[in-house]
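Numbers here simply count residues along the sequence, with the first being 1. Owing to the predicted nature of the structure, the values given are computational and were not obtained by experimental measurement.
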Amino acid sequence: MKRREFIFLAGVSTFLATTSRSSAHQARAFRLADRFQPQFVAFDGYAPGTIVVDPRNHFLYLAMPRGRALRYGVGVGKAGLAFRGRAIIGRKEKWPSWRPTANMIRREPAKYARFATGVPGGPGNPLGARALYLYRDGRDTMYRIHGTNQPQSIGRSVSNGCIRMLNEHVKDLYERVPLKTKVVVL
């Protein structure tokens, strides 16, 4: 490993270690399991810059050069609700607003109907600090990679199909990936 690469990786590791343990918006203490902390891992088969989500194991990988990736822990969709396949990031938002889809309201009206007009961005918003909107063939898939105000959902299959990350982790990913980044959900 070259000195410059080592310094870069050491700096990223330090940043991730200090930002991933907790969030200022949490009501109670939460500790993320070590395996879901961001970390560099061996990973190949995808072009650098590609996001690969492994929902069965609750990981999101950002492919890097030389057979490596930055791996984050994620929460994913419940059985039958999860997005699968290929997409691109068609839009990015900081502190996005949120509105449940018509399907969400139909499935669980007691839970979601009251939010039909939407929730403004901010710490109480279900999309958290950042959202990366997944598009396919130029159309919004209605699936997102986003932050969460429910950190205990990381490592679980509990969402309505979107890919959840801790707010600090999604902020990091948001800064690393541009629009049109390829996304593969296995």
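A donor-acceptor pair under 3.5 Å is absent between the side-chain atoms of Gln150 and the main chain of Thr148, judged by distance alone. Side-chain atoms of Asn167 do not come within 3.5 Å of backbone N or O of Gly128 as any donor-acceptor pair. With hydrogens and angles disregarded, no donor-acceptor distance shorter than 3.5 Å links the side chain of Arg130 to the backbone of Gly147.
The shortest side-chain heavy-atom distance between Asp54 and Tyr61 falls under the 4.5 Å cut-off. Using a 4.5 Å heavy-atom threshold, the side chains of Arg164 and Arg156 count as separate. Between Arg84 and Pro55, the closest side-chain pair of non-hydrogen atoms falls below 4.5 Å.
Rounded to the nearest 0.5 Å, atoms CG (Leu173) and NZ (Lys92) are 8.5 Å apart. The CD1 atom of Ile88 sits 9.5 Å away from atom CG of Leu134, with the distance rounded to the nearest 0.5 Å. Between Ile145 atom CD1 and Met165 atom CE the span is 7.5 Å, to the nearest 0.5 Å. The CD atom of Glu93 sits 14.0 Å away from the NE2 atom of His146 when rounded to the nearest 0.5 Å. Taken to the nearest 0.5 Å, the CG atom of Asn57 stands 8.5 Å off from the CZ atom of Phe36. The line from CZ of Phe83 to OG of Ser159 is 13.0 Å long, rounded to the nearest 0.5 Å.
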- Task: Evaluate the side-chain contact (heavy atoms from CB on, under 4.5 Å) criterion for residues His58 and Ile154: first the C-alpha distance (whole Å), next the side-chain angles of each, then the deciding distance (0.1 Å), finally the verdict.
- Result: CA-CA 8 Å; His58 300 98; Ile154 303 303; over 6 Å; no

- Val185 vs Val76, side-chain contact (heavy atoms from CB on, under 4.5 Å): CA-CA, chis, key distance, verdict: CA-CA 11 Å; Val185 182; Val76 296; over 6 Å; no

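Tyr133 and Val119 fall within a single hydrophobic cluster, where Ile, Leu, Val, Met, Phe, Trp and Tyr are joined by side-chain heavy atoms under 4.5 Å apart, directly or via other members. By the criterion of side-chain heavy atoms lying less than 4.5 angstrom apart, applied directly or through intervening Ile, Leu, Val, Met, Phe, Trp or Tyr residues, Leu127 is not grouped with Tyr72; the two fall into different hydrophobic clusters. The same ILVMFWY cluster, assembled from side-chain heavy atoms under 4.5 Å apart, contains both Val170 and Ile51. When the side chains of ILVMFWY residues are joined at heavy-atom separations under 4.5 Å, either directly or via intervening members, Val53 and Leu70 end up in a single hydrophobic cluster.
Of all heavy-atom pairs between Gly124 and Asn149, the closest is O-ND2, 2.9 Å. In terms of heavy-atom proximity, Pro178 sits nearest to Arg176 at CD-O, 4.0 Å. Minimum heavy-atom separation, Tyr46 to Ala63: O-CB, 4.0 Å. Here the closest non-hydrogen pair linking Arg56 and Leu186 is NH1-O, 4.1 Å. The shortest heavy-atom contact between Tyr135 and Gly90 is CD1-CA, 3.4 Å. Closest of all the heavy-atom pairs between Ser153 and Val158 is CB-CG2, 3.6 Å.
Cation-pi geometry between Lys94 and Tyr174 is not met: the NZ or CZ atom fails to fall both under 6.0 Å from the ring centre and inside 45° of the normal. A cation-pi contact links Arg71 to Phe59, judged by a cut-off of 6.0 Å to the six-membered ring centre and 45° from its axis.
With Leu132 as the partner, the side chain to side chain contact (heavy atoms under 4.5 Å, CB included) test is satisfied by one option alone out of Thr181, Val183, Leu179, Ile89: Ile89.
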